[in-house]
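So that the names make sense, note that chain A is the first sequence line, chain B the second, and so on, each numbered from 1.
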Amino acid sequence: MSVRLITWNVNSLRQRLDHLARITEEQSPQVVCLQETKVQNGDFPVEAIKSMGYEHLSIHGQKSYNGVAILSRLPFETEDRRVWCEKDDCRHLSVTVAGGLEIHNFYVPSGGNVPDPEQNDKFAHKLQFLTEMAAWAKSDKVAQRKAVLVGDMNVAPFEQDVWNHKRLVKSVGHTPVETEHMLALHAAGDFVDVGRHFVPLPEPLYSWWGYRFKEAFARDYGWRLDHVLASPALAPSVSAMQILRDSRSWEKPSDHVPIMVDID
DNA sequence: ATGACTTGTAATACAAGA
């Protein structure tokens, strides 16, 4: 059996239902991990999602900010969530599906404007969150299971993960300390960076283009902030990866685009 | 040359994204 999985920061689920319907119809993923749903559980658009063919939902949302969800055509064998940085601000959900596949959906804090944990609590939160992810991967022995970590990790770790490394190396999302934390996470679980496995360095690879500069997508001023990390036990089964760039040019897009992987 | 946008909340700005 093969599982097709999509991860996507939708920047408001209720604003993106039409895009989600189109993507799920065109690609037929069995599992969809969403970030920045920006909707409380009680207001989750259950009927719209079920009409797209996703009967099994794991949701963790709050008012206004953050929020994650896992939509699935496969039943969940287990569902879990963890509190990170002693804050339950709706940044993680995990499920297991048949065959022992463990799926973790993350929304790592963006980190604010100033890349200094002394001056900026949001940046400190981001570094702590990544530190806790790495510590968990190690202590929970994630590397020994068939696990995939997906989501908006808000770090572009390699030079070719941003459109201009020199210019952006002091910008939050691409600073050396964030890159170190991200690579420490990779090492903690012996994870394979699936994006870079299929599109090796030094080829540019992006998943996010900002809204503020109108020509950002047209000029390909992108960042790779969204990631799929596969445990060593799972990585050989990942047969394909695609970044669905086209959706960034649709009307009223999210600033992030979906990443899709096929797992045999 | 990521500024200048988008979203949710609440009430015409503000917070947050990254």
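- The residue among Asn66(A) and Lys38(A) whose nearest nucleotide of DNA chain B lies closer to the 5′ end is Lys38(A).
- Residue Asn9(A) has a polar side-chain atom (N or O) positioned under 4.0 Å from OP1 or OP2 of dA18(B).
- For the P atom pair drawn from dC14(B) and dA1(B), the interatomic distance equals 26 Å after rounding to whole Å.
- Comparing the P positions of dG3(B) and dG17(B) gives a spacing of 15 Å, expressed to the nearest Å.
- Using a 4.0 Å heavy-atom cutoff across all strands shown, Gly210(A) reaches at least one base atom of the nucleic acid.
- Regarding Phe217(A), its CZ atom lies at a distance of 24 Å from the P atom of dA1(B), rounded to whole Å.
- Rounded to whole Å, the distance from CG on Asp226(A) to C1' on dG17(B) is 13 Å.
- Of the side-chain N and O atoms in Arg14(A), none sit less than 4.0 angstrom from OP1 or OP2 of dT7(B).
- When the side-chain nitrogen and oxygen atoms of Gln15(A) are compared with OP1 and OP2 of dG8(B), one or more of them lie within a distance under 4.0 Å.
- Between His256(A) and dG17(B) there is no side-chain polar atom (N or O) within less than 4.0 angstrom of OP1 or OP2.
- Residues Phe106(A) and His92(A) place their aromatic rings such that the two centres sit under 6.0 Å apart.
- The existence of a salt bridge linking Asp88(A) and Arg81(A) is excluded, since no basic side-chain nitrogen approaches an acidic carboxylate oxygen closer than 4.0 Å.
- Comparing dT9(B) with dA4(B), their P atoms are spaced 23 Å from each other, to the whole Å.
- Annotation: cation-pi pair Arg196(A)/Phe158(A) absent, no NZ/CZ under 6.0 Å from the ring centroid and within 45° of its normal.
- One P atom belongs to dA11(B), the other to dC5(B), and the distance between them is 24 Å to the nearest Å.
- At whole-Å resolution of the value, CG in Asn11(A) and C1' in dC5(B) are 10 Å apart.
- With rounding to whole Å, Tyr65(A) atom OH is found 9 Å from dA15(B) atom P.
- For Asp255(A) against dA18(B), no side-chain N or O and base N or O form a donor-acceptor pair under 3.5 Å.
- Put simply, Lys214(A) has no side-chain N or O that comes within less than 4.0 Å of OP1 or OP2 on dG3(B).
- In this structure, Lys63(A) does not reach the dG8(B) phosphate: none of its side-chain N or O atoms is under 4.0 Å from OP1 or OP2.
- Within the structure, every side-chain polar atom (N or O) of Ser64(A) is placed at least 4.0 Å from both OP1 and OP2 of dG8(B).
- For Ser12(A), taking side-chain heavy atoms from C-beta onward, the closest of the listed nucleotides dA18(B), dG8(B), dA1(B) is dG8(B).
- Ionic pairing of Lys146(A) and Glu102(A) is not present here: no N-O contact between side-chain nitrogen and carboxylate oxygen is shorter than 4.0 angstrom.
- Rounded to an integer number of Å, the gap from Lys170(A) NZ to dA18(B) C1' is 18 Å.
- Between dA18(B) and Asn154(A), a contact under 4.0 Å exists linking OP1 or OP2 to a side-chain N or O.
- Side chain to side chain, Asp152(A) and Trp208(A) fail the donor-acceptor criterion of an N or O pair below 3.5 Å.
- In this structure, Arg219(A) atom CZ and dA1(B) atom C1' are separated by 8 Å, rounded to whole Å.
- Between Trp163(A) and Tyr221(A), the ring planes lie parallel to each other; the angle is under 30°, not in the 30° to 60° tilted range.
- With a glycosidic angle more than 90° from 0, dA11(B) adopts the anti conformation.
- Residue contacts for Leu168(A): at a heavy-atom cut-off of 4.0 Å it reaches no nucleic acid atom on any strand shown.
- Side-chain contact annotation: Asn11(A) with Glu36(A), donor-acceptor N/O pair under 3.5 Å absent.
- Phosphate contact (OP1/OP2 of dA18(B), side-chain N/O of Tyr107(A), threshold under 4.0 Å): present.
- For the P atoms, the distance from dA16(B) to dA10(B) is 14 Å, rounded to whole Å.
- Heavy atoms of Arg16(A) sit under 4.0 angstrom from primed sugar atoms or phosphate atoms, though from no base atom.
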